[in-house]
Amino acid sequence: MTLIVSAAPPAERGSFAVPAVLTDIAYGLSLPLVLLLAWESSARFGWLPQQILPAPQVVWATLVELWSDGSLVDHTLQSLKRVAIGFGVGALIGLVSGAALGLLPRVRAFVWPVFSAIAQVNMLAWLPLLVLFIGIDEELKYVSIAWAAAIPVILATTRAITDVSPKLLELGRVLDFTPLQRVSSIVLPAALPSLFTGIREGLASAWQNMVIVELFASFEGLGYLMVWGRQLFQLEIVIAAMIVIAAIGLALNASLEYLERFVQPWKTEADRER
């Protein structure tokens, strides 16, 4: 006699299944909580001097004070304005230039070697030369941020277009598509995921470069707030500014990810089916 025991699904056994999103949130918060606990322990037991690593309560009080007097809002808005203008210009230049390099092989063969060499040089190395030609006013911030944003967008756009399957392009020729139809119906949908990757990298680069250029030459902005705190030997101001920079960077990246899912609904449906 054979005894067959069938295992009922978890829902039929009355067990509680934790949603995957809650598990992801728990994992995502675990490391920050561990780091915060280590930070608090260091301040409580004196592992590091307060002059080097202020206590979390001191940093929080500094954030509240900077928010209350309006200085944090003013510096943040100024930094966001610079990034919005610089990234907008840089992303537009990057998309147009990357499309030209990807769609026109002769242009790519002529420009790509020089562009690849320029892209290897960090933006920080170009700042002294830019200061000589532009000065240290707002134009320097906009140009450097736009430059930092354009490089990854150009790279991603060019590679996204050149990586489109030749079979898809051949299909467009067989169907007698016009060049505009091939770009809009074949090249753009196929290249869209890589394009968004480049735009996210460009925005991250623009946000990081904003901090660098404000550290280098600025009298307002989150980068300047860090310099001001260092000059006063008040590292709680520096850490507070770093926290705000990190939080805004995460929010900007999350916004682009949401926009990517909105623009590519087929990708979201495919992820759900997995």
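Values reported hereafter were calculated over all heavy atoms of this structure, with side chains retained and with hydrogens, waters and symmetry mates removed.
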Do the non-hydrogen side-chain atoms of Leu127 and Ile212 ever get within less than 4.5 Å of each other? yes
Taking atom CG of Leu103 as the centre, report whether more than 12 heavy atoms of other residues, nucleotides or ligands fall under 6.0 Å from it. yes
Is the closest side-chain heavy-atom distance between Leu203 and Val83 below 4.5 Å? yes
Using only atom types and a distance under 3.5 Å, with no angle test, would you say the side chain of Ser68 pairs donor to acceptor with the backbone of Val64? yes
Do other residues, nucleotides or ligands put more than 12 heavy atoms under 6.0 Å from the CH2 atom of Trp112? yes
With sequence neighbours left out, write down each residue that passes side-chain contact (heavy atoms from CB on, under 4.5 Å) with Ser30, or none if nothing qualifies. none
Is any side-chain heavy atom of Val227 closer than 4.5 Å to one of Gln231? yes
Trp47 vs Ile52, side chain to side chain contact (heavy atoms under 4.5 Å, CB included): CA-CA, chis, key distance, verdict: CA-CA 10 Å; Trp47 295 343; Ile52 297 178; over 6 Å; no
Can you tell me how far CG of Leu124 sits from CD of Gln208, rounded to the nearest 0.5 angstrom? 12.5 Å
Going only through I, L, V, M, F, W and Y residues with side-chain contacts under 4.5 Å, is there a path from Val121 to Val213? yes
Quick one: CZ on Phe115 to CG on Leu101, what's the gap to the nearest 0.5 Å? 7.0 Å
Does Ile93 share a hydrophobic cluster with Trp147, counting links as ILVMFWY side-chain heavy atoms below 4.5 Å and allowing steps through other members? no
So, taking the atom named CD in Glu214 and the one named NE2 in His75, what distance separates them when rounded to the nearest 0.5 Å? 9.5 Å
Would you indicate whether Trp39, at its atom CH2, is surrounded by more than 12 heavy atoms from other residues, nucleotides or ligands within a distance under 6.0 Å? yes
From CA spacing to verdict: side chain to side chain contact (heavy atoms under 4.5 Å, CB included), Val238, Phe233: CA-CA 9 Å; Val238 177; Phe233 295 99; over 6 Å; no
Counting distance only, does the side-chain N/O of Ser79 pair as donor-acceptor with the main-chain N or O of Leu222 below 3.5 Å? yes
Would you say the side-chain atoms of Ser97 pair up with the backbone N or O of Gly94, donor to acceptor, closer than 3.5 Å? no
Rounding to 0.5 Å, atoms CD1 (Ile85) and CD1 (Ile145) come to a distance of 9.0 Å
So which atom in Tyr142 and which in Arg82 form the shortest heavy-atom distance, rounded to 0.1 Å? CE2-CA, 3.7 Å
Can you name the closest pair of heavy atoms from Ser144 and Lys141 and give their distance? OG-O, 3.0 Å
Is a donor on one side and an acceptor on the other found under 3.5 Å between the side chain of Glu236 and the backbone of Val59? no
Identify whether Ile243 and Tyr224 are in the same connected component of the hydrophobic contact network (ILVMFWY, side-chain heavy atoms under 4.5 Å). no
Please check this pair: side chain of Gln120 against backbone of Ser116, looking for a donor-acceptor N/O pair closer than 3.5 Å. yes
Is it possible for you to say whether Phe87 and Leu259 belong to one hydrophobic cluster, with membership spreading through side-chain heavy-atom contacts below 4.5 Å? yes
Identify the heavy atoms of Ile161 and Ala99 that sit nearest to each other, and give their distance. CD1-CA, 3.6 Å
State the CG-CG distance between Asp74 and Leu77, to the nearest 0.5 angstrom. 6.5 Å
Distance-minimising heavy-atom pair for Ala241 and Leu225: CB-CD2, 4.1 Å
Phe216 versus Val131, closest heavy-atom pair with distance: CE2-CG2, 3.5 Å
Are the side chains of Leu215 and Met226 in contact, using a 4.5 Å heavy-atom criterion? yes
Shared ILVMFWY cluster between Val96 and Val111, side chains joined below 4.5 angstrom? no
Donor-acceptor contacts under 3.5 Å from residues 244-257 side chains, at least two apart:
from   : atom 1 : to     : atom 2 : distance (Å)
Asn253 : ND2    : Glu257 : OE2    : 3.3
Ser255 : OG     : Ala251 : O      : 2.8

Exercise answer: donor-acceptor pairs, residues 148-158 side-chain atoms, under 3.5 Å, sequence neighbours excluded:
from   : atom 1 : to     : atom 2 : distance (Å)
Thr157 : OG1    : Val153 : O      : 2.7
Thr158 : OG1    : Ile154 : O      : 2.8

Side chains of Gln57 and Glu40: any donor to acceptor distance under 3.5 Å? yes
For side chain to side chain contact (heavy atoms under 4.5 Å, CB included), just list the numbers for Met123 and Leu130, CA-CA rounded to whole Å, side-chain angles, deciding distance to a tenth of an Å, and then say yes or no. CA-CA 10 Å; Met123 184 61 228; Leu130 291 177; 3.2 Å; yes
Main-chain N/O of Trp67 paired to Ser71 side chain as donor or acceptor, under 3.5 Å: no
Tightest non-hydrogen contact, residues Arg159 and Thr162, listed as O-OG1, 3.1 Å
Once rounded to the nearest 0.5 Å, what's the spacing between atom CZ of Phe133 and atom CH2 of Trp126? 10.5 Å
Do Ser42 and Leu53 come within less than 4.5 Å of each other through their side chains, counting heavy atoms only? yes
